[in-house]
Amino acid sequence: MKNIAFIINPISGTQNKKKLPKMIQELLDKDQWLENIVFTEHAGHGETLARQFAKMGFDAVVAVGGDGTVNEVARGLRDTETALGVIPIGSGNGFARHLNIPLRINRAIEMLNHAEVIKADYGLANDKLFVTTCGTGFDALIADEFAAAGKRGFSTYVEKIIKDIVTYSPQTYHIVENATREGEKTINLSQKAFLVTFANANQWGNDAFIAPKASIQDGKMDICLMSSSALLGAPALALRLFTKMIDSSLFMNTIQARDIMLYRESAAPFHLDGDPVEMEKDIHIRIVEDGLRVLAEKRF
């Protein structure tokens, strides 16, 4: 019998959470799992709870929420033997979508009954963890405004994008790679960009694939710079974003690295897994290889 905890974020997404404990109890395999179900009470509580469960030797802790909840739980589980599971009930669910975890709650719970543990990477931006993406530029501005909107859902993202896209002023970014392997060619790049995304996973969420070839198991991040003139090709870019083809656009520059320094002209909005954070002007971003254990669908 294995111990598994479910950390439910009661304000994640738009769905009612009252029936979740009963669904978990009914669908979880009792011969395999002994469950413990808790609700978060404030921001950061998920990290505290996850760390406590890991110290107690739990086999798995499941983040029930969106990418922000996954981020909190992952912070408590990183570099431990306790596996991270996900039941996606957020707005974007980028990490769950990358792992092909079902978006229907009942199917996501049932998947836990035949899941396997894989090793996965996570990222650090000035020592703050991310599991899917982090970044600066227009997407970070939208994340900042979305968090302040008081209304969740994909329509709120669209509303903020339409409001700000014409007036947004890009800045120039300088990216310098910290050499991690002897003999490797290093990156030293300056570019004016509409946005810069550092992708551990392949998407922001909602199947918006900013880094279609990114993998959480390759020890690298995909650095995606969208040209400052991207508005000229906005309709085509939007289509490519949702069809896993944006990396082949002339308006995109995608490179890979393990460890970089990002230098910005000035401090500006920054996000970790879609949530806005206070961040210094210059940012050290790196990938921690195999730092997480994750429950994923079993591969036969």
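Clustering ILVMFWY residues whenever any of their side-chain heavy atoms sit less than 4.5 angstrom apart, transitively, puts Met111 in a cluster other than the one holding Ile24. Leu103 and Trp204 fall into different hydrophobic clusters, where Ile, Leu, Val, Met, Phe, Trp and Tyr side chains are chained together by heavy-atom contacts under 4.5 Å. Cluster membership for Leu189 and Phe198, using ILVMFWY side-chain heavy atoms within less than 4.5 angstrom, is shared. By the criterion of side-chain heavy atoms lying less than 4.5 angstrom apart, applied directly or through intervening Ile, Leu, Val, Met, Phe, Trp or Tyr residues, Val131 is grouped together with Val73 in one hydrophobic cluster. No continuous path of ILVMFWY side-chain contacts below 4.5 Å connects Leu112 to Ile101, so the two sit in separate hydrophobic clusters.
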- Task: Could you walk me through whether Phe130 and Ile285 pass the side-chain contact (heavy atoms from CB on, under 4.5 Å) test, one step at a time?
- Result: CA-CA 10 Å; Phe130 65 96; Ile285 304 170; 4.0 Å; yes

- Query: Checking side-chain contact (heavy atoms from CB on, under 4.5 Å) for the pair Gln52/Val38: CA distance, chi angles, key distance, verdict?
  - Reply: CA-CA 12 Å; Gln52 290 173 349; Val38 293; over 6 Å; no

- Message: Determine whether Ile246 and Phe209 satisfy the following criterion, side-chain contact (heavy atoms from CB on, under 4.5 Å), listing intermediate values before the conclusion.
- Response: CA-CA 7 Å; Ile246 197 167; Phe209 293 92; 5.8 Å; no

- Could you give me the CA-CA distance, side-chain angles and deciding distance for Asn113 and Leu28, then say whether side-chain contact (heavy atoms from CB on, under 4.5 Å) is met? CA-CA 7 Å; Asn113 295 328; Leu28 201 65; 3.7 Å; yes

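Counting only distance, with no hydrogens or angles, the side chain of Asp259 and the backbone of Arg286 share no donor-acceptor pair below 3.5 Å. Ser249 contributes a side-chain N or O that, together with a main-chain N or O of Phe251, makes up a donor-acceptor pair within less than 3.5 Å. Judged by distance alone, the side chain of Thr82 and the main-chain N or O of Phe58 form a donor-acceptor pair under 3.5 Å. Remark: the backbone N or O of Gly44 is paired with a side-chain donor or acceptor of Glu72 at under 3.5 angstrom. Arg51 places no side-chain N or O within 3.5 Å of a backbone atom of Gly76 that could act as its donor or acceptor partner. The backbone N or O of Pro269 lies less than 3.5 Å from a partner atom in the side chain of Thr136, making a donor-acceptor pair. Judged by distance alone, with hydrogens and angles left aside, the side-chain atoms of Lys220 form no donor-acceptor pair with the main-chain N or O of Ala214 at under 3.5 Å. Put simply, the side chain of Arg293 gets close to the backbone of Glu81: a donor and an acceptor are under 3.5 Å apart.
Note: Ile187 CD1 to Gln256 CD = 9.0 Å, rounded to the nearest 0.5 Å. Atom CD1 of Ile260 is separated from atom CG of Asn178 by 8.0 Å, given to the nearest 0.5 angstrom. Of the inter-residue distances, the one linking Met221 atom CE with Arg258 atom CZ reads 10.5 Å to the nearest 0.5 angstrom. In this structure, CG on Asn9 lies 7.0 Å from CD1 on Ile89, to the nearest 0.5 angstrom. The line from CG of Asn206 to CG of Asn93 is 7.5 Å long, rounded to the nearest 0.5 Å. Here the CD1 atom belonging to Ile175 is positioned 13.0 Å from the OG1 atom belonging to Thr186, to the nearest 0.5 angstrom.
The minimum heavy-atom distance between Leu129 and Ala74, with the atom names listed, is CD2-CB, 4.0 Å. Of all heavy-atom pairs spanning Gln191 and Leu225, the tightest one is NE2-CB, 3.8 Å. Closest approach of Ala108 to Val86, counting heavy atoms only: CB-O, 4.5 Å. The two residues Leu295 and Ala60 have their closest heavy-atom pair at CD1-CB, 3.7 Å. Minimum interatomic distance between Gly94 and Gln203 (heavy atoms only, all atoms of both residues): O-CG, 3.9 Å. Heavy atoms only, all atoms of each residue included: Glu297 and His114 are closest at OE2-CE1, 4.2 Å.
Side-chain contact between Met226 and Asp139 is absent, with no heavy atoms from C-beta onward closer than 4.5 Å. Residues Phe6 and Leu20 are not in side-chain contact: their nearest non-hydrogen atoms beyond the backbone lie 4.5 Å or more apart. By the 4.5 Å heavy-atom criterion applied to side chains, Asn36 and Asn3 are not counted as neighbours. A heavy-atom distance below 4.5 Å is found between the side chains of Leu99 and Ile216. Contact of the Ile223 side chain with the Glu177 side chain is not registered, since no non-hydrogen atoms from C-beta on lie closer than 4.5 Å. You'll find the side chain of Arg97 stays beyond 4.5 Å of the side chain of Asn202, heavy atoms only. Between Asn106 and Met23, the closest side-chain pair of non-hydrogen atoms falls below 4.5 Å. Annotation: side chain of Arg264 is in contact with side chain of Phe270 (closest heavy-atom distance under 4.5 Å).
By the neighbour-count criterion of 12 heavy atoms within 6.0 Å, atom NZ of Lys128 is densely surrounded, having more than that number from other residues, nucleotides or ligands. Within 6.0 Å of NZ on Lys281 lie more than 12 heavy atoms contributed by other residues, nucleotides or ligands. Residue Lys55 qualifies as open at atom NZ: its count of foreign heavy atoms under 6.0 Å is 12 or below. Counting heavy atoms of neighbouring residues, nucleotides and ligands inside a 6.0 Å radius, atom CG of Leu34 exceeds 12 of them.
Defined by atom type and a distance below 3.5 Å, a donor-acceptor pair is present between the side-chain atoms of Tyr122 and Asp79. Remark: the Glu280 side chain and the Asn126 side chain contain an N/O donor-acceptor pair separated by less than 3.5 Å.
Residue Lys213 is tested with Asp222, Asp247, Asp218 for a side-chain hydrogen bond (donor to acceptor under 3.5 Å, both in side chains); the sole match is Asp247. Partner Asp273 forms a side-chain hydrogen bond (donor to acceptor under 3.5 Å, both in side chains) with one of Thr133, Asn71, Asn200, Thr69 and no other, that one being Asn71.
Below 30°, between 30° and 60°, or above 60°: for Tyr263 and His174 the angle between ring planes is between 30° and 60°, a tilted geometry.
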